[in-house]
Amino acid sequence: MSKDALGLIETRGLVAAIEALDASLKAANVEFASYRFTTGGLICVIVTGEVGAVRAAVDAGSAAAARVGELIATHVIPRPADDTIAIIDEIRGKKPVSKKKPDTAEPDENVINIENETPNEITPHTEEELKKAVEILREFLKNTEGESLLPEDKRLDEYGVRTLRKVMKALPLAETIKSQIYTMRKQEIIETLMEFAKKEGRDELDDEY
């Protein structure tokens, strides 16, 4: 993420938030960084870019939001600190803010509160199907930046949520799907990857599905 500046616009209601984001992106050379739903119907959208561009974007976005709904607050943070960026990245699901030593188990599953789910509860697929899907995905990712994501001979449901999200990001999936990666539960991620593997390795999986 750019460290030049962060622009935050908080509204009440989704319509005002979308209008604010749309106006911000059209008004200046900024990028959409993240969004956050909070209590009471409050939504905060975040853009990033050069300081001047972010200020212009926030001004335009806040004015647009006020026209169609309720504007709660706006703020621009020039040159945000690393820890501030870490908080935004945590919201986006890129990395944890906590610096505690991770457990030996997959700690990233706690992000979506599925630590008590078992593989049988997560997916209805057989062990062979889940293993074959990993082989197909590993083969597809060979010679790409994602080739190291699935290094072990495990079933797909035995990988952690963070790893599965990275695999999804590395695949040529539709942008509408990728935009939902950080809100998807593990079962949904597995089903998406299984569907992709089925299409890529149709000859190998036809007999197993």
Side-chain angles (χ1 to χ4, degrees), residues 1-100 107-114 145-146 161-189 192:
M1 179 188 295
S2 169
K3 292 184 62 175
D4 290 342
L6 292 175
L8 301 92
I9 304 174
E10 187 173 52
T11 68
R12 189 183 305 278
L14 183 60
V15 173
I18 292 176
E19 179 68 14
L21 178 61
D22 183 64
S24 296
L25 296 177
K26 290 176 179 176
N29 184 24
V30 295
E31 295 181 359
F32 172 55
S34 185
Y35 70 94
R36 187 73 167 180
F37 289 91
T38 56
T39 59
L42 300 182
I43 305 173
C44 181
V45 294
I46 306 170
V47 296
T48 183
E50 295 183 356
V51 177
V54 170
R55 291 189 187 280
V58 169
D59 287 344
S62 59
R67 285 196 298 270
V68 300
E70 184 178 353
L71 177 67
I72 301 299
T74 64
H75 191 54
V76 174
I77 306 176
R79 298 177 299 281
D82 289 340
D83 286 345
T84 303
I85 293 177
I87 292 174
I88 304 301
D89 284 340
E90 169 67 9
I91 294 174
R92 299 170 70 192
K94 286 183 62 177
K95 60 182 180 180
V97 172
S98 174
K99 297 181 180 179
K100 295 190 299 182
D108 49 292
E109 292 188 355
N110 293 331
V111 173
I112 57 172
N113 296 321
I114 62 169
E145 293 182 359
V161 174
R162 186 180 304 153
T163 296
L164 296 177
R165 285 172 174 164
K166 289 180 180 178
V167 172
M168 283 189 65
K169 290 183 66 177
L171 296 175
L173 299 172
E175 287 303 316
T176 52
I177 295 177
K178 288 191 173 183
S179 67
Q180 302 175 44
I181 287 177
Y182 297 116
T183 60
M184 295 172 71
R185 292 180 60 81
K186 186 172 183 178
Q187 179 179 348
E188 297 171 317
I189 296 174
T192 301

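Heads up: numbering here begins at 1 and tracks the sequence.
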I need the [X] [atom1] to [Y] [atom2] distance, nearest 0.5 Å.
| X | Y | atom1 | atom2 | answer |
| --- | --- | --- | --- | --- |
| S24 | E31 | OG | CD | 13.5 Å |
| N29 | E50 | CG | CD | 7.0 Å |
| L171 | K169 | CG | NZ | 12.0 Å |
| F32 | L21 | CZ | CG | 5.5 Å |

Original post:
Counting only N and O atoms by type, is there a donor-acceptor contact under 3.5 Å from the side chain of E188 to the main-chain atoms of R185?
Top reply: yes

Is the shortest heavy-atom distance from the side chain of [X] to the side chain of [Y] under 4.5 Å?
| X | Y | value |
| --- | --- | --- |
| I189 | M168 | yes |
| I177 | T192 | yes |
| L14 | I43 | yes |
| T183 | Q180 | yes |

Over all atoms of both residues, closest heavy-atom pair of [X] and [Y]:
| X | Y | result |
| --- | --- | --- |
| A16 | G69 | CB-CA, 4.0 Å |
| A60 | A27 | CB-CB, 3.4 Å |
| G61 | A23 | CA-CB, 4.0 Å |
| V54 | G49 | CG2-N, 3.4 Å |

**OP:** Scan residues 36-64 for pairs that pass ring-ring contact (aromatic ring centres under 6.0 Å, His included), counting only residues two or more places apart or in two chains.
**Re:** Y35-F37

Could you give the side-chain donor-acceptor pairs of residues 5-12 under 3.5 Å, partners two or more places apart or in another chain?
| from | atom 1 | to | atom 2 | distance (Å) |
| --- | --- | --- | --- | --- |
| T11 | OG1 | G13 | O | 3.2 |
| T11 | OG1 | A17 | N | 3.3 |
| R12 | NE | E70 | OE1 | 3.1 |
| R12 | NH1 | G40 | O | 2.9 |

Original post:
Going by the side-chain hydrogen bond (donor to acceptor under 3.5 Å, both in side chains) test, which pairs reach into residues 55-68, not counting sequence neighbours?
Top reply: none

